[in-house]
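Numbering of ligands and ligand atoms starts at 1, following listing order.
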Amino acid sequence: MRRVNIFGATGSVGQNTIDLISRAPEDYDVVALTGASNIRQLAADAKHLRADVAITALDHLLPDLREALQGSDVVAAAGANAIQEAATRPVDWTMSAIVGAAGLAPGLAALQQGGTLALANKESLVCAGALMLETAKAHQARLLPVDSEHSAVFQALVGEDIATVERIIITASGGAFRDWPIEDLPMATLDQASSHPNWDMGQRITIDSASMFNKAMELIETKEYFGASSEQIEVLIHPESLIHAMVGFTDGALMAHVGPPDMRHAIGYALHWPERRHLPVDRLDLARIAQLSFRAPCETRWPALRLAREVMETGKLAGAVFNAAKETALDAFIAGQIGFTQMAEVVEDVLDTMTAASGHIDATMTLDNVAEVDHVARQTATRALQKRAG
Ligand code: NAD
Ligand code: MG
């Protein structure tokens, strides 16, 4: 029996993780499941998987969670501190699938217990990549990528010497607006941005795919996870989303990872690693698919990619600024305060302002400093938004 924690259990990645675990419940001892507003789902899964504790991030929903868990042995808890406490319990495997910077602290706490952290929360690596890797090393914990591109790179690297890697190519579907005329992008609505051509994911990452902020985050994630430089990492538009990443070696060989766009592959790989086990994902019929297509991304259409390159060059806490500004801009777009293309303008404003002001970005990478920079970047983004509104 492996003891497991699932952070962000009610989300898209969390539900896919539960789907896999539910297929072999006798193999897992579920300790904590966490969620936020979806109390009904959280309680149902906690009861079904016989979790020790179910935690909502939202304090005011504790009475609802208690009521939903009545008659079961599952303990109800609420708040960021309760999530943090659950992360300090010794487990063998943790899924980090909270969305946003809120996933960083529980992920770090889990790494401090040793064990394996399956990392879907890309914000952790964007905000504090070096800290995550150092913490894993210091506590002999294992960090496994769950983002599909990074899982693909990780798999292409099995048995290889990382020193022989020339380049890493991560693919992008191009999102909802890949074929739109560029001049129409400012008019893109929330509904239009919230539907992905190939993947079924949470709303925030779906919008980030349309703006290419998701790929921008993944560029930074690739640099941090695999220690590659910005020049070594390429983005390739691949509308079919079947090749997730490719690794190019010094002898010219290119190893591609091909699979259906189903997160249960990357989650299952991290769940069973270092073994491969049967997974309930579609098998590709390449003769029927017949063709795969590729094109270079246009940085004028997707300024997020250019901004990510700048962040990679600057390093240090620039990633935490980038992420916080992006989260704030995304909130504003979801709330209807700014247009689709203004998200990148706000992020660029914040990066410019905070790079010019000395101190913040150059601070040592500790959890406290990342939290402080995150806070200042959100305030700076709010001012940039107010400037636009006024
Ligand atoms: P989602 O929005 O579907 O789910 C997010 C989860 O986080 C939910 O359980 C929610 O209750 C919880 N949550 C939200 N705010 C929280 C807070 N402040 N504190 C604690 N918990 C909170 O998101 P998702 O699409 O499952 O993505 C989760 C993470 O995985 C993100 O970092 C995303 O970028 C990454 N990711 C997702 C996919 C995918 O296919 N969905 C693929 C690759 C990477
Ligand atoms: Mg991805």
Side-chain angles (χ1 to χ4, degrees), residues 5-19 32-43 45-46 54-59 61 65 77-84 86-87 95-107 117-127 144-154 170-173 175 194 196 198-209 212-222 225 235 238 241 243-245 257 259-267 269-270 281 323 326-327 330-331 334 374 378:
N5 270 343
I6 304 174
F7 295 115
T10 54
S12 166
V13 171
Q15 289 291 296
N16 278 314
T17 308
I18 286 175
D19 174 77
L33 295 185
T34 84
S37 56
N38 194 346
I39 297 298
R40 187 192 295 234
Q41 187 72 54
L42 179 62
D45 288 333
I55 308 166
T56 164
L58 304 170
D59 288 297
L61 293 182
L65 183 58
N81 288 342
I83 296 179
Q84 206 58 22
M95 167 51 76
S96 165
I98 287 173
V99 63
L104 173 60
L117 184 70
L119 188 66
N121 177 266
K122 60 189 78 187
E123 294 86 350
S124 297
L125 283 181
V126 172
C127 297
L144 294 176
V146 171
D147 212 341
S148 56
E149 296 75 6
H150 306 79
S151 173
V153 172
F154 186 82
I170 56 173
T171 62
S173 68
S194 302
H196 196 283
N198 305 336
W199 292 89
D200 179 14
M201 309 185 285
Q203 187 191 35
R204 298 180 74 86
I205 184 175
T206 302
I207 301 169
D208 283 349
S209 298
M212 213 54 106
F213 265 110
N214 181 48
K215 213 48 56 179
M217 307 266 290
E218 290 179 359
L219 274 172
I220 303 169
E221 200 184 353
T222 306
Y225 199 97
V235 172
H238 168 45
S241 293
I243 295 184
H244 305 300
H257 181 283
D262 184 334
M263 281 307 290
R264 290 177 304 175
H265 173 74
I267 296 165
Y269 186 77
V281 301
N323 180 67
K326 191 278 291 176
E327 286 194 33
L330 177 58
D331 286 338
I334 292 173
D374 176 282
R378 282 172 206 264

Only counting residues at least two apart or in another chain, list the ones meeting salt bridge (Lys or Arg N to Asp or Glu O under 4.0 Å) with D45. none
Once salt bridge (Lys or Arg N to Asp or Glu O under 4.0 Å) is applied, do any residues pair with D59, and if so which ones, sequence neighbours excluded? none
T34 side-chain N/O to G8 backbone N/O, donor-acceptor pair under 3.5 Å: yes
H150 side chain to E218 backbone, donor-acceptor under 3.5 Å: yes
List, pair by pair, the atoms of ligand 1 and of the protein that are both N or O and lie under 3.5 Å apart, giving the separation rounded to 0.1 Å.
unit_1: ligand 1; atom_1: 3 (O); unit_2: S12; atom_2: N; d: 2.9
unit_1: ligand 1; atom_1: 7 (O); unit_2: V99; atom_2: N; d: 3.4
unit_1: ligand 1; atom_1: 9 (O); unit_2: G8; atom_2: O; d: 3.3
unit_1: ligand 1; atom_1: 9 (O); unit_2: T10; atom_2: N; d: 3.4
unit_1: ligand 1; atom_1: 9 (O); unit_2: T10; atom_2: OG1; d: 2.7
unit_1: ligand 1; atom_1: 9 (O); unit_2: G11; atom_2: N; d: 3.2
unit_1: ligand 1; atom_1: 11 (O); unit_2: T10; atom_2: OG1; d: 3.2
unit_1: ligand 1; atom_1: 11 (O); unit_2: A36; atom_2: N; d: 2.9
unit_1: ligand 1; atom_1: 25 (O); unit_2: G202; atom_2: N; d: 3.0
unit_1: ligand 1; atom_1: 26 (O); unit_2: S12; atom_2: N; d: 3.0
unit_1: ligand 1; atom_1: 26 (O); unit_2: V13; atom_2: N; d: 2.9
unit_1: ligand 1; atom_1: 30 (O); unit_2: A120; atom_2: O; d: 3.4
unit_1: ligand 1; atom_1: 32 (O); unit_2: E123; atom_2: OE1; d: 2.7
unit_1: ligand 1; atom_1: 41 (N); unit_2: S12; atom_2: OG; d: 3.3

For the pair H257 and H265, name the ring-plane relationship: parallel under 30°, tilted 30 to 60°, perpendicular over 60°. tilted
D19 vs Q15, test: side chain to side chain donor-acceptor pair (under 3.5 Å). Steps then yes/no. CA-CA 6 Å; D19 174 77; Q15 289 291 296; over 6 Å; no
Would you compute the distance between atom OG of S37 and atom CG of L42 and round it to the nearest 0.5 angstrom? 10.0 Å
Is it the case that more than 12 heavy atoms not belonging to D200 sit under 6.0 Å from its CG atom? no
If you take the centroid of each ring, where Trp contributes its six-membered ring, are W199 and H244 closer together than 6.0 Å? yes
Suppose the cut-off is 2.8 Å; which protein N/O/S atoms would you list for the Mg ion (ligand 2)? D147 OD1, E149 OE1, E218 OE2
